[in-house]
Amino acid sequence: MAAADGSLSDNPRTFSRRPSAQASRQAKATKRKYQASSEAPPAKRRNETSFLPAEKTSVKETQRTFKGNTQKTFSPKKHSVSTSDRNQEERPCIKTSSLFKNNPDIPELHRPVVKQVQEKVFTSAAFHELGLHPHLISTINTVLKMSSMTSVQKQSIPVLLEGRDALVRSQTGSGKTLAYCIPVVQSLQAMKSKIQRSDGPYALVLVPTRELALQSFDTVQKLLKPFTWIVPGVLMGGEKRKSEKARLRKGINILISTPGRLVDHIKSTKNIHFSRLRWLVFDEADRILDLGFEKDITVILNAVNAECQKRQNVLLSATLTEGVTRLADISLHDPVSISVLDKSHDQLNSKDKAIREVCPPPAGDELDSFAIPESLEQHVTVVPSKLRLVCLAAFILQKCKFEKDQKMVIFFSSCELVEFHYSLFLQTLLSSSGAPASGQLPSASTRLKFLRLHGNMEQEERTAVFQEFSHSRRGVLLCTDVAARGLDLPQVTWIVQYNAPSSPAEYIHRIGRTARIGCHGSSLLILAPSEAEYVNSLASHKINVSEIKMEDILCVLTRDDCFKGKRWGAQKSHAVGPQEIRERATVLQTVFEDYVHSSERRVSWAKKDTANMSHFLLLERSCRQLLQHLKFLLL
Ligand SMILES: Nc1ncnc2c1ncn2[C@@H]1O[C@H](COP(=O)(O)OP(=O)(O)OP(=O)(O)O)[C@@H](O)[C@H]1O
């Protein structure tokens, strides 16, 4: 199996005494035979792993063991034995598997503790104080079951009802969708000449992903229940163009679309016109206006500006910066900048103020002021590449098998990595039903549920997975950044970032899929030792993460007898402490390798993707560093 750094673990995994010549010949033969034919029975490989009872070692030894970067052998004279282990001194040396040898040092994380920017989510202000149509208020109260406004809604809705352009920045999960949907619906239903469907779009909402388009469409539909003459519609890739054309021909008054699909229609559908457009909304504006969408946004703005001059423009995002609005010629007219920051945090002391006046932060540095939900606990763990996969698997077991009602989202950097890990976990973690381990919750014996979501899936399946995960109480969603922004996935308790995000802004949006609207949630960022610097980069953006040690994650394997070595089936192992954990981690890794090596296709899949991924990360990181350096030189 290729480790995340693309290195192949090439040693048969044994914990036995130094193998005899005959045994190592046999191990090599097994290995050759195994690699040559993808049909070799997986079980054969597992028998190679034979464990000897381990030494009892102190916790300190555990820490040293996991940190060690060379092969550790436990020989009595080499490490302090407690009195209870006195009788083990005569035990033979024990070799650890290659999983735990030749690993890079895990650096101490000396991250500065910074004061995170916080936002007050709720207010006591009620929606009925806004002077909205009574039917709209009753829909908000009875259909959406909401009565009081969040801070961003209280600050944004009145400004938008006055007809102003606005830049709205508020933390993830704080209610920005309603902050623009309510004013849009209120203003359209109040128009003197009643809107006709055939009038076409009065409001255009642009969002970066199909799932977010569906979600926003669902919210608008609910708000429009009392105003049936106003017709909403959604355009997104993967849906049938023909039916979209038909709906556009009949007329859509509130149009929600991804940029790419809208450009398709602007170029090919005659019936799309913007002469009556009153609202242009960019949700996740910094994402929509970044390089990826530039061409599409230009086509859309040209088409809109050609027909409509006077309109309200609204840009919203948890990571909106002044720089973003300069990026696109959206012809904002005297916009109101709404930033829901807890003023106590935002106050610069006199020294900082003086510095800022003399030397304002570089353009790309506005991330300092982005808020993170107060109820979100952020963690990081530094794991050698070879141990990354078993650590992830152990963490999934720890949270989703031994704890009740855990809903986890795991971010990967590519569709292929999502597919690879999805099929791997389905075939290994699910199939190892195993007897309930001691301490397992009754519900823990229910099977783990894995789902996956990425851009290479058919739209129908993407929508089905999104709906299923949104409505489930537990489960593990493996996904790419297609699910990183805007998606309101209820009751997500954990966000795991298996691959570091492309920027601190994407970090904020990924973790923002949990701890929404005041709920509690946690996040875990998995870094390789060479990526440990990322923690300081987060700290420079006032993001605090606390460390979880790798061994604290791997410990859970001792609770799950599914991953005991084959030999132990017959007799109880004497292994305890770090040795037992190492053995079980190695068995788990072997289970993974068996699965991968059982098909040539999977072997090349594993090599290609992780090699590309690490290559991509190195390339992307050097580009980012170059860009930062250039910015610094230009200032
Ligand atoms: N006033 C309110 N009272 C209670 N719940 C609300 C209120 N406004 C919004 N919500 C709920 O809060 C959750 C998050 O809302 P929304 O998705 O609009 O957040 P957001 O700020 O757009 O998040 P992101 O930045 O991730 O896109 C949703 O489930 C929504 O129904």
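Worth knowing before you read on, the calculation uses all heavy atoms, side chains too, and leaves out hydrogens, waters and symmetry mates. Numbering of residues begins at 1 and proceeds along the displayed sequence. Here the structure is a predicted model, which means the values were calculated and not measured. Order of appearance sets the numbers: ligands from 1, and atoms from 1 within every ligand.
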Quiz item: Does any donor atom in the side chain of Ser523 or His379 lie under 3.5 Å from an acceptor atom in the other side chain?
Solution: no

Quiz prompt | From CA spacing to verdict: salt bridge (Lys or Arg N to Asp or Glu O under 4.0 Å), Arg210, Glu461 | solution = CA-CA 12 Å; Arg210 300 173 183 176; Glu461 195 180 5; over 6 Å; no

Self-check item: Asp286/Arg485 salt bridge by N-O under 4.0 Å criterion
Solution: yes

Practice problem: Distance to 0.1 Å, residue and atom name: give those for the protein heavy atom nearest to atom 18 (O) of ligand 1. | Solution: Thr177 OG1, 2.8 Å

Quiz item: Does Arg287 make a cation-pi contact with Phe293, if we ask for NZ or CZ under 6.0 Å from the ring centre and within 45° of the axis?
Solution: no

Self-check item: Distance from atom 10 (N) of ligand 1 to nearest protein heavy atom, with residue and atom
Solution: Met146 CE, 3.7 Å

Quiz item: Does Gln171 reach ligand 1, in the sense of a heavy atom lying below 4.0 Å from it?
Solution: yes

Quiz item: With a cut-off of 4.0 Å, which atoms of ligand 1 are near a heavy atom of Ile517?
Solution: 5 (N), 6 (C), 10 (N), 12 (O)

Quiz item: Should Lys176 and Asp283 be marked as a salt bridge (Lys or Arg N to Asp or Glu O under 4.0 Å) after you check the CA-CA gap, both sets of side-chain angles, and the distance that decides it?
Solution: CA-CA 9 Å; Lys176 290 187 290 297; Asp283 195 3; over 6 Å; no

Quiz item: Looking at Ser151, Ser170, Ser339, which one forms a side-chain hydrogen bond (donor to acceptor under 3.5 Å, both in side chains) with Glu119?
Solution: Ser170

Quiz item: Taking the side chain from Ser414 and the backbone from Leu417, do they hold a donor-acceptor pair closer than 3.5 Å?
Solution: yes

Practice problem: Could you find the nearest protein heavy atom to atom 25 (O) of ligand 1 and give me its residue, atom name and distance? | Solution: Lys176 NZ, 2.7 Å

Quiz item: Are side-chain N/O atoms of Arg311 and Asn305 paired as donor and acceptor at under 3.5 Å?
Solution: yes

Quiz item: Can you find an N/O atom of Ser174 closer than 3.5 Å to an N/O atom of ligand 1?
Solution: yes

Quiz item: Counting both backbone and side chain atoms, is some N or O of Arg513 under 3.5 Å from an N or O of ligand 1?
Solution: yes

Exercise. Would you mind telling me if ligand 1 is within reach of the side chain of Arg485, the backbone, both or neither, using heavy atoms under 4.0 Å?
Key: neither

Self-check item: Heteroatom proximity flag, Gln215 to ligand 1, N/O under 3.5 Å
Solution: no

Self-check item: Any Lys145 heavy atom less than 4.0 Å to ligand 1
Solution: no

Quiz item: Taking N or O atoms only and a 3.5 Å limit, does Gly175 qualify as a polar contact for ligand 1?
Solution: yes

Self-check item: Proximity to ligand 1 by part of Ser317, non-hydrogen separation under 4.0 Å
Solution: neither

Quiz prompt | For Phe127, the ligand 1 atoms whose distance to one of its heavy atoms is below 4.0 Å | solution = 1 (N)

Practice problem: State whether the shortest distance between N or O atoms of Gly173 and N or O atoms of ligand 1 falls below 3.5 angstrom. | Solution: yes

Exercise. For the residue pair Phe227 and Trp229, categorise the inter-ring angle as parallel (less than 30°), tilted (30 to 60°) or perpendicular (more than 60°).
Key: perpendicular

Quiz prompt | Shortest protein contact, atom 29 (O) of ligand 1 (heavy atom only) | solution = Asp488 OD2, 2.5 Å

Quiz item: Where is the nearest protein heavy atom to atom 17 (O) of ligand 1: which residue, which atom, and how far?
Solution: Arg516 NH2, 2.9 Å

Quiz item: Just by modelled atom types, is the Tyr498 backbone N or O under 3.5 Å from a matching donor or acceptor in the Arg388 side chain?
Solution: yes

Quiz prompt | Test of proximity, Gln153 against ligand 1: N or O pairs below 3.5 Å | solution = yes

Quiz item: Would you call the rings of Tyr507 and Tyr534 parallel, tilted or perpendicular if under 30° counts as parallel and over 60° as perpendicular?
Solution: tilted

